[in-house]
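Single-structure report; data block below.
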Protein chains: 2
Amino acid sequence: MISERQLRILEAIISDFIDTAQPVGSRTISKKYPLGVSSATIRNEMADLEELGYLEQPHTSSGRVPSDLGYRLYVDSLVNIHSIGIDEKEIIQSMLRNRIIEASDLAKQAAKLLSEFTNLVAIVTIPKFNKCKLANLKLIKVSDTRVLLILVTDTGIVKNIQLAMSYTDQFILDKVSDTMLSFLSGETIENIDVRSILKLKDKLQNLGTFVDYLIPILKDALKSLNGTEQYAEGLSHILFIQEFADSEKAKVIFDFLRDAKNLEIFLDEVSADQLSIKIGSEIGIDSLDACSIISSTYKVDGKSDGKIIVLGPKRMDYGNVVSIVNYISNTLSDVFSGINL
Amino acid sequence: MISERQLRILEAIISDFIDTAQPVGSRTISKKYPLGVSSATIRNEMADLEELGYLEQPHTSSGRVPSDLGYRLYVDSLVNIHSIGIDEKEIIQSMLRNRIIEASDLAKQAAKLLSEFTNLVAIVTIPKFNKCKLANLKLIKVSDTRVLLILVTDTGIVKNIQLAMSYTDQFILDKVSDTMLSFLSGETIENIDVRSILKLKDKLQNLGTFVDYLIPILKDALKSLNGTEQYAEGLSHILFIQEFADSEKAKVIFDFLRDAKNLEIFLDEVSADQLSIKIGSEIGIDSLDACSIISSTYKVDGKSDGKIIVLGPKRMDYGNVVSIVNYISNTLSDVFSGINL
DNA sequence: GTTAGCACTCATATCTATCGAGTGCTAATT
DNA sequence: AATTAGCACTCGATAGATATGAGTGCTAAC
């Protein structure tokens, strides 16, 4: 078992390492932190902490560096998660509320904020749109061959879908969209299946051929709502992180994040817990062994959910990042759920 | 004056340097390129080319490197601009046509294509929307406090603008937007000023108070169409360019490109010619001394214009990049002008 | 005008010596 | 029994010293 003193020494070592990025020695600790013991004592404790697996030594005769296990202990019991400042809160609120209504813009903006506040890489996904309830709907003629389908959820999120149609007349489109809205309003989008679209035909018997033409197109369009969209911001921050200054290391991470397929696996991997922290090897992806991930999920009306991920070096300010992730996650939940004050 | 042989030697040197990124020596040239003269002769010519300012020597006793002037000569008279392949053309066509209709998505997609085909950084701006003619218009209720104004140009470009309104009823919104469309259709968007909006009041006298309320909101919204939007893609390519492998150099460029203000100056700086190539110091921006810029403008119906920029190391495949920029620029012109086949 | 030959230059790579931060262990101290 | 002072030892980092070799400029011969 680990003693109280060992715990305090471990905390000091990790804090110092997070500050300096240098392996920390016993003398540094005894001088910088008021533990009331000499460097020799600390040296002995450090040897024990290494044996317990909390510390590592890059090579004999250098200082110690936290192991993944060490970080884990630090994160679980030592880090204190203060709430973020009032200023930050105000900026986040003003950037995410009352400005944006298109779901993808909202996710993008959230990712941008996350990456700016943490100076790390941020990824935000959009909750699957099809669990939301339909509140408004319009078909808009864009050209002779194209129509825009605009869906609005009861939570005030807008989604644009393009339809390719060779038969477009705004007057008819208005009629069709009004009718559709009249019996689809309030329905969740995933429930808008072919059967419910077929009702269109009953209601608009005088437009039979047009409706026949429209139905398969609508079917396709609704299918496209099933994909998960993800937005990454702040990739370039990787460059500015000491750990990855050697551009070879940065490349490995870039290459990983660039491949959307990787990202998808990665997003599934990231647990669905309210908030999760994964450190180095815990992520289970070789190219990210030098990284930590802080992720959270946000809910829309308690149902469908989107994901928020911050990726950075293991040596990050966990307390700060966690508080930012939490705050943005909650704000997104509110915004997507339509709670606007 | 420069001799024919010097020209051929210069061409060989620059080609080789573009391939290898290494200062090239006289022996390399005499062996790799069938010029029919010995290394000693080439050595003499190289000394002359250096005196003329076309080559530079990083240090005595290393090979030669092209100077900005050398690149300029190369670009002006040596590089051959082949057209891009049929496959590339097909991809570009399929990605830019019949899929996207929102102006910003289009620009984003174009920038993505550019950066993928060139492996360089690409920036695309949207032509000022306000020179286009209005073809369709809708006001859509999104929530109790928000309305979406959707504008469609005669060229099939869509623009969403959000309005904050505390008085929203879809029935009234429909009436207002129909009326607006009836007398604004065909008008260029910059001509839709307050005066023309005021006509609304005449036509919708029974909705007087609502129109009074709406007018200042619309005014603000239309003002927001004046800004130039720009989309950059492929920033991370900087990392993979040998010249900037030293991450300090990459940072300088990143920092420059990250600042939107810089980018604006930069976009103005970039000439309005059909196609322009600027090499190193010709750009006139210290942080980009090691870069070249290939830029082009595309027109919408011959009037308002957007910009396309590719930024990379001076040592780039000019012929290839120019052909890609040209092709995407022309395609964008067509798409924004509504020529869809 | 061209080329072979050679001395010279200088960035890069390799080796060596030194330095010093930090350790582990032992013996003295509390 | 726990703590600490002291000291020999380790090993990466840094600085010089030396070697390498690609490439040049110049001269003299062809």
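Computed from a predicted model, the values in this text were never measured in an experiment. Below, chains carry the letters A, B, ... as their sequence lines are ordered, and counting in each starts from 1.
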Problem - side chain to side chain contact (heavy atoms under 4.5 Å, CB included) assessment of A:L257 paired with A:I238 - result: CA-CA 11 Å; A:L257 292 180; A:I238 291 175; 4.1 Å; yes
Handout entry: Nearest-angstrom distance from the residue atom NZ of B:K31 to P of D:dG23
Key = 9 Å
Handout entry: Nearest-angstrom distance from the residue atom CD1 of B:I42 to C1' of C:dT2
Key = 12 Å
Handout entry: Aromatic plane relationship, A:Y318 with A:Y74 - under 30° parallel, 30 to 60° tilted, over 60° perpendicular
Key = perpendicular
Exercise for the section: Would you indicate which nucleotide in C:dC10, D:dT24, D:dC11 comes nearest to any side-chain atom of A:H59? Expected result: D:dC11
Handout entry: Selection from C:dG24, D:dG25, D:dA5 that lies nearest to any side-chain heavy atom of B:Q57
Key = D:dG25
Practice task
Send over the distance from B:M46 CE to D:dG25 P, rounded to a whole Å.
Solution key: 8 Å
Problem - For atom CZ of B:R43 and atom C1' of C:dA7, their distance in whole Å - result: 12 Å
Problem - Side-chain N or O of A:T41 closer than 4.0 Å to phosphate OP1/OP2 of D:dT4 - result: yes
Handout entry: Rounded distance in Å - NZ (B:K32) to C1' (D:dG23)
Key = 16 Å
Practice task
Send over the distance from B:Q22 CD to D:dG21 C1', rounded to a whole Å.
Solution key: 14 Å
Practice task
Give the nucleotide from the list C:dG5, D:dT3, C:dT23 with an atom nearest to the side chain of A:S26.
Solution key: C:dT23
Practice task
Decide yes or no, distance alone: a donor-acceptor N/O pair under 3.5 angstrom between the base of C:dG20 and the side-chain of A:R27.
Solution key: no
Handout entry: Minimum side-chain heavy-atom gap A:C291-A:I253 below 4.5 Å
Key = yes
Completion exercise
Looking only at C:dT3, D:dT10, C:dC10, the nucleotide nearest the B:T60 side chain is C:dC10
Practice task
Identify whether any heavy atom of A:S39 sits under 4.0 Å from a base atom; if not, whether one sits that close to sugar-phosphate; answer base, sugar-phosphate or nothing.
Solution key: nothing
Problem - Phosphate-side-chain proximity, B:R64 and D:dA22, N/O vs OP1/OP2 below 4.0 Å - result: no
Problem - Donor/acceptor link under 3.5 angstrom from B:S61 side chain onto base of D:dT24 - result: no
Practice task
Quickly work out the B:D48 CG to D:dC26 C1' distance and round it to whole Å.
Solution key: 14 Å
Problem - Donor + acceptor pair across side chains of B:D68, B:S281 (<3.5 Å) - result: yes
Handout entry: Backbone N/O of A:T297 and side chain of A:S329: donor-acceptor pair under 3.5 Å
Key = yes
Fill in the blank from the handout: Picking from D:dG23, D:dT4, C:dT3, the nucleotide nearest the side-chain atoms of B:T28 would be D:dG23
Completion exercise
B:E50 has its side chain closest, among D:dG25, C:dG24, C:dT3, to D:dG25
Exercise for the section: Starting at atom CZ of A:F17, determine the distance to atom P of C:dA21, rounded to an integer number of angstrom. Expected result: 19 Å
